[in-house]
Q: 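Let me begin by handing over the structure; questions about it come next.
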Amino acid sequence: MSTFGTTKPTNQAVLDFVKETAELTTPDQIFWVDGSEAEKDYLYDLAVKEGLLIKLNQEKRPGCYYGRSNPNDVARVEQLTFICTPRKEEVGPLNNWKSPEDMHAILNGLLKGAHKGRTMYVIPYLMGPAGSPLTKVGVEVTDSIMVVLNMRIMARVGAVAYGHLGDSNDFNRGTHSMLDINPERRYIAHFPHENAIISVGSNYGGNVLLGKKCLALRIGSFLGRNEGWMAEHMLLLCIESPEGKKNYVAAAFPSACGKTNFAMMIPPEKYQKAGWKITTLGDDIAWMRPGPDGRLWAINPENGYFGVAPGTNFKSNPNAMHSASRDTIFTNVALTEDLDVWWEGMDGEVPKKLTDWKGNPWTPESKEKAAHPNSRFTAPMRNNPALSDEVEAVSGVPIDAIIFGGRRATTMPLVMEAFSWSHGVYIGASMGSEMTAAAVGGMGQVRRDPMAMLPFAGYDMGEYFGHWLDMGKVLKNPPMIFNVNWFRKDSEGHFMWPGFGDNMRVLLWIIGRCNGTAKAVQSAVGRLPLAEDIDIEGLKDFGPEKLAECLKVCKDEWKNEVALQTELFLKLYKTLPKELVFERELLSARLS
Ligand code: GTP
Ligand code: SPV
Ligand code: MN
């Protein structure tokens, strides 16, 4: 072993957890991750030596590395993701369930000797800023250097976590082994009552960076319900007016539906000149709890961005390009001849020769994509030029608006405002979206993805809706709730709304509504802006008729939509809150 990785913590519960795990998995050695710079250099060198990573062109991409995953392991696998509770009813009809006994029996079998011949890394980490009452501690043991290196970017790792934990026993126990990276032996198992996660058979981000979707959302939502807070699949941003007024926004869009882009948005030039500013707090996960002032306060528990690469360029998302310009790990993108990265939708000309994400030669004539559609960059959030200086604020920021939004070719208008908190919860609960490459299977089909949490709610979805309604009762000044759709298409199949930075134009109406300065009109489905309330000046080939198309509410489409929403509600009949049934009835009545 190196000179690193030998310093054990003093916390007895951590030592016991590691000892018990090692007795089962029998690693050749244990490496105690400390989060230091020296350790980082050592681990990258080791990963390169072992052929797991390629060091990229350091002049073009200082501190950057490139890895390919097994082609059978490129996205989250929802069918292999389980919530394990004593009673099946606890997880509801939308989660996969196994009893803790049965799942532990399977996993103990798979983990027996799983780390033999390997190093077992012990990663202590924080989700949230050190010292925040919302922050949670996790300890992940893993046999994957890739997990260590990615976790070092995505979470606050090392001594800082042991410091926050002290001698407490209150931490999430995470166990990971790649095994032989075989979908036949792949499980992502959550034990909410034990505050434990066991993941085997994968080496892909969302399945194995246990702080992210597993702890921050699945276990987090379970803890949040019990402890009176919310764990949500939401970006967080701050919009600051020329007068210096700050409004904070949380937005839930399903996987690969625009959170990273919206969180890092650069406003069109005329707004920048006028003095408007957008800063990023987070791009994927928000933890929120009621403050003493009756408002909802949010933190971003993460420390980095695990962002979708394809489609990211200096026009669509310059801040993401800057974020990934150094100290970044790229996974499953394509490699250029001079050891830089490339993906579909990057700026500039398509290179004549590439090595694709599977390691094969690629030319512009090739039929397959050079980068996998779910290829990603793991970038430190501190690289983001638009990072908010409030990301370390221990009490978080007060949320003015919650925005839901799916990927919908039809039906859903560009923006609408909920009539009330319970109507807003209904809008989130009935949300649909076309599936993307972020999860295996089902590309393009519209499915219900309530609050963008279908793959991430750690307990029964009906009860989760109930928790949302309860939170509204606790909040004296709840955020206003909105819904957006950047993805409506015209009859030729083109996106109608320009999107990206121009989403600022919609955000300004939303903020105007929160601040009482913008007008709205009532429609059957929610409050809508008047055409003149959305500034379209300066948009190319986009006039008032197009805006009207984007905002259109078509009653026939909506009647069909209500029927589709009802399919989800029927599945949840046992625990669906009455308020939501009434909201649905009201909507139907308004539509007829
Ligand atoms: P996860 O990290 O999977 O949770 O996804 P995310 O919600 O952060 O998605 P991201 O921002 O990375 O967006 C994914 C895809 O949506 C990319 O292909 C983007 O180009 C596309 N996208 C984002 N914003 C817009 C928009 O305003 N309009 C259009 N048409 N596409 C967008
Ligand atoms: C998502 O799929 O929503 C992601 C990527 O943010 S992963 O961390 O893999 O879940
Ligand atoms: Mn996500």
Side-chain angles (χ1 to χ4, degrees), residues 13 16-27 72-73 75-116 120 138-144 147 169 171-204 206-223 225-226 439-441 453-464 571-572 574-575:
D16 292 345
F17 165 57
V18 172
K19 183 162 169 277
E20 281 157 27
T21 309
E23 278 165 8
L24 175 65
T25 64
T26 63
N72 78 27
D73 187 34
R76 283 181 294 99
V77 278
E78 294 175 6
Q79 62 283 14
L80 302 176
T81 300
F82 289 82
I83 311 289
C84 306
T85 51
R87 290 182 313 111
K88 185 170 196 276
E89 299 74 53
E90 275 187 82
V91 310
L94 306 182
N95 275 308
N96 300 312
W97 177 84
K98 265 202 190 335
S99 75
E101 296 73 45
D102 289 354
M103 188 53 101
H104 278 307
I106 294 171
L107 293 171
N108 279 340
L110 291 170
L111 282 171
K112 195 161 181 224
H115 291 157
K116 199 169 167 48
M120 184 172 106
V139 176
E140 175 170 359
V141 299
T142 175
D143 54 7
S144 165
V147 167
N169 181 25
F171 62 92
N172 180 272
R173 287 154 168 80
T175 308
H176 169 245
S177 176
M178 298 180 282
L179 304 182
D180 56 348
I181 310 192
N182 182 339
E184 302 287 313
R185 282 182 283 282
R186 183 171 296 158
Y187 291 94
I188 296 80
H190 305 71
F191 303 88
H193 293 280
E194 301 164 38
N195 195 8
I197 304 158
I198 302 177
S199 167
V200 297
S202 171
N203 202 25
Y204 166 76
N207 298 330
V208 299
L209 308 177
L210 300 185
K212 195 173 174 60
K213 297 301 160 71
C214 300
L215 172 53
L217 289 180
R218 298 196 191 96
I219 299 280
S221 59
F222 176 92
L223 295 174
R225 193 245 328 238
N226 294 341
V440 175
M453 283 288 278
L454 178 68
F456 307 120
Y459 60 101
D460 175 61
M461 192 63 85
E463 288 183 12
Y464 167 82
K571 282 192 202 160
L572 297 173
K574 277 193 188 160
T575 53

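Position 1 is the first residue of the sequence; numbering continues from there.
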Q: Can you measure from CD1 (Ile197) to CD1 (Ile219) and round to the nearest 0.5 angstrom?
A: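 Result: 5.0 Å between the selected atoms.
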Q: If only atom types and distance count, is the side chain of Ser221 paired as donor or acceptor with the main-chain N or O of Gly458 below 3.5 Å?
A: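 Here the side-chain-to-backbone pair exists.
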Q: Kindly indicate whether the side chain of Val18, heavy atoms from C-beta on, has any atom under 4.5 Å from the side chain of Met120.
A: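 With C-beta onward as the side chain, the pair touches.
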Q: Are the side chains of Leu572 and Leu94 in touch, meaning some heavy atoms are under 4.5 Å apart?
A: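 Yes; the side chains approach each other to less than 4.5 Å.
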Q: Which residues pass the ring pair (Phe, Tyr, Trp, His ring centres under 6.0 Å) test with Phe171, sequence neighbours left out?
A: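 Here no residue qualifies.
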Q: Give, for atom CD of Glu20 and atom OG1 of Thr175, the distance between the pair rounded to the nearest 0.5 Å.
A: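 So the gap between those two atoms works out to 10.0 Å.
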Q: Of all the heavy-atom pairs spanning Met453 and Leu217, show the shortest one and how long it is.
A: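 Closest approach of Met453 to Leu217, heavy atoms only: SD-CD2, 4.1 Å.
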Q: Is any side-chain heavy atom of Lys213 closer than 4.5 Å to a side-chain heavy atom of Thr81?
A: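 When only atoms from C-beta onward are counted, Thr81 and Lys213 do not touch, as no gap falls below 4.5 Å.
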Q: Look up atom CE in Met103 and atom CG in Asn96, then write down how far apart they are to the nearest 0.5 Å.
A: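 It is 8.5 Å, given to the nearest 0.5 Å.
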Q: Which heavy atom of Asp143 sits nearest to which heavy atom of Met178, and what is that distance?
A: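 Closest heavy-atom pair between Asp143 and Met178: OD1-N, 3.0 Å.
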Q: With sequence neighbours left out, write down each residue that passes side chain to side chain donor-acceptor pair (under 3.5 Å) with Thr26, or none if nothing qualifies.
A: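 Counting only residues at least two positions away or on another chain, Thr26 forms no side chain to side chain donor-acceptor pair (under 3.5 Å).
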Q: Going by the rule side chain to side chain donor-acceptor pair (under 3.5 Å), which residues pair with Thr85 if we only count those two or more places apart in sequence or in a different chain?
A: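 So Thr85 forms a side chain to side chain donor-acceptor pair (under 3.5 Å) with Trp97.
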Q: Just to verify, what does Glu194 make a side chain to side chain contact (heavy atoms under 4.5 Å, CB included) with, not counting sequence neighbours?
A: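 Side chain to side chain contact (heavy atoms under 4.5 Å, CB included) list for Glu194, sorted by chain: Pro100, His104, Phe191, Ala196.
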Q: Counting only heavy atoms not in Phe82 (residues, nucleotides, ligands), do more than 12 fall under 6.0 Å from its CZ?
A: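 It does: Phe82 CZ has more than 12 such atoms within range.
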Q: Suppose we screen for side chain to side chain contact (heavy atoms under 4.5 Å, CB included). Which residues come up paired with Pro455, at least two apart in sequence or across chains?
A: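 With sequence neighbours excluded, Pro455 shows a side chain to side chain contact (heavy atoms under 4.5 Å, CB included) to Arg76, Glu78, Arg447, Asp449, given in chain and number order.
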Q: Regarding Arg225 and the six-membered ring of Phe222, is the cationic atom NZ or CZ under 6.0 Å from the ring centre and inside 45° of its axis?
A: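 Geometry flag: set, cation within 6.0 Å and 45°.
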Q: For Tyr459, enumerate each residue passing the ring pair (Phe, Tyr, Trp, His ring centres under 6.0 Å) test, keeping only those at least two apart in sequence or located in another chain.
A: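 Tyr459: no ring pair (Phe, Tyr, Trp, His ring centres under 6.0 Å) contacts found.
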Q: Counting C-beta onward and ignoring hydrogens, is there a side-chain heavy-atom pair between Asp460 and Glu90 closer than 4.5 Å?
A: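 No. Closest side-chain heavy atoms not under 4.5 Å.
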Q: If you measure from NE2 on His190 to CG on Asn172, what distance do you get to the nearest 0.5 Å?
A: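 His190 atom NE2 to Asn172 atom CG measures 9.0 Å (nearest 0.5 Å).
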Q: Quick one: salt bridge (charged side-chain N to carboxylate O under 4.0 Å, His left out) pairs with a partner in residues 97-112, sequence neighbours left out?
A: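 Residue pairs passing salt bridge (charged side-chain N to carboxylate O under 4.0 Å, His left out), neighbours aside: none found.
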Q: Just wondering, do Cys214 and Val208 contact through their side chains at under 4.5 Å, heavy atoms?
A: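 Of all side-chain heavy-atom pairs linking Cys214 with Val208, none is under 4.5 Å.
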Q: Enumerate the residue pairs fulfilling salt bridge (charged side-chain N to carboxylate O under 4.0 Å, His left out) with a member in residues 173-183, sequence neighbours excluded, ordered by first and then second residue.
A: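 Every pair satisfying salt bridge (charged side-chain N to carboxylate O under 4.0 Å, His left out) with a residue in residues 173-183: Asp180-Arg185.
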Q: State, yes or no, whether a side-chain contact exists between Leu215 and Leu210 at a heavy-atom distance under 4.5 Å.
A: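 No, their side chains stay 4.5 Å or more apart.
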Q: Who pairs with Ser144 by side chain to side chain donor-acceptor pair (under 3.5 Å), at least two apart in sequence or on another chain?
A: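 Checked Ser144 against side chain to side chain donor-acceptor pair (under 3.5 Å); matches are Asn203.
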Q: Between Tyr204 and Val77, does the side-chain contact (heavy atoms from CB on, under 4.5 Å) criterion hold? Intermediate values first, please.
A: CA-CA 10 Å; Tyr204 166 76; Val77 278; over 6 Å; no
Q: Partners of Asn95 by side chain to side chain contact (heavy atoms under 4.5 Å, CB included), sequence neighbours excluded?
A: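 If we apply the side chain to side chain contact (heavy atoms under 4.5 Å, CB included) test to Asn95, skipping adjacent residues, the hits are Ile83, Val91.
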Q: Can you check side-chain contact (heavy atoms from CB on, under 4.5 Å) on Asn72 and Arg186, steps first, answer last?
A: CA-CA 11 Å; Asn72 78 27; Arg186 183 171 296 158; 2.8 Å; yes
Q: Please indicate whether Glu23 has more than 12 foreign heavy atoms, meaning atoms of other residues, nucleotides or ligands, lying under 6.0 Å from its CD.
A: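 Yes, CD of Glu23 has more than 12 neighbouring heavy atoms, counting only those of other groups under 6.0 Å.
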Q: List in chain and number order the residues that pass side chain to side chain contact (heavy atoms under 4.5 Å, CB included) with Ala457, two or more places apart in sequence or in another chain; answer none if no residue qualifies.
A: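 In terms of side chain to side chain contact (heavy atoms under 4.5 Å, CB included), with neighbours along the sequence ignored, Ala457 is linked to Met461.
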Q: To the nearest 0.5 Å, what is the distance between SG (Cys84) and CD1 (Ile106)?
A: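 Going from the SG atom of Cys84 to the CD1 atom of Ile106 covers 8.5 Å.
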Q: Ser202: what forms a side chain to side chain donor-acceptor pair (under 3.5 Å) with it, not counting sequence neighbours?
A: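 Here the qualifying residues are Asp73, Asn207.
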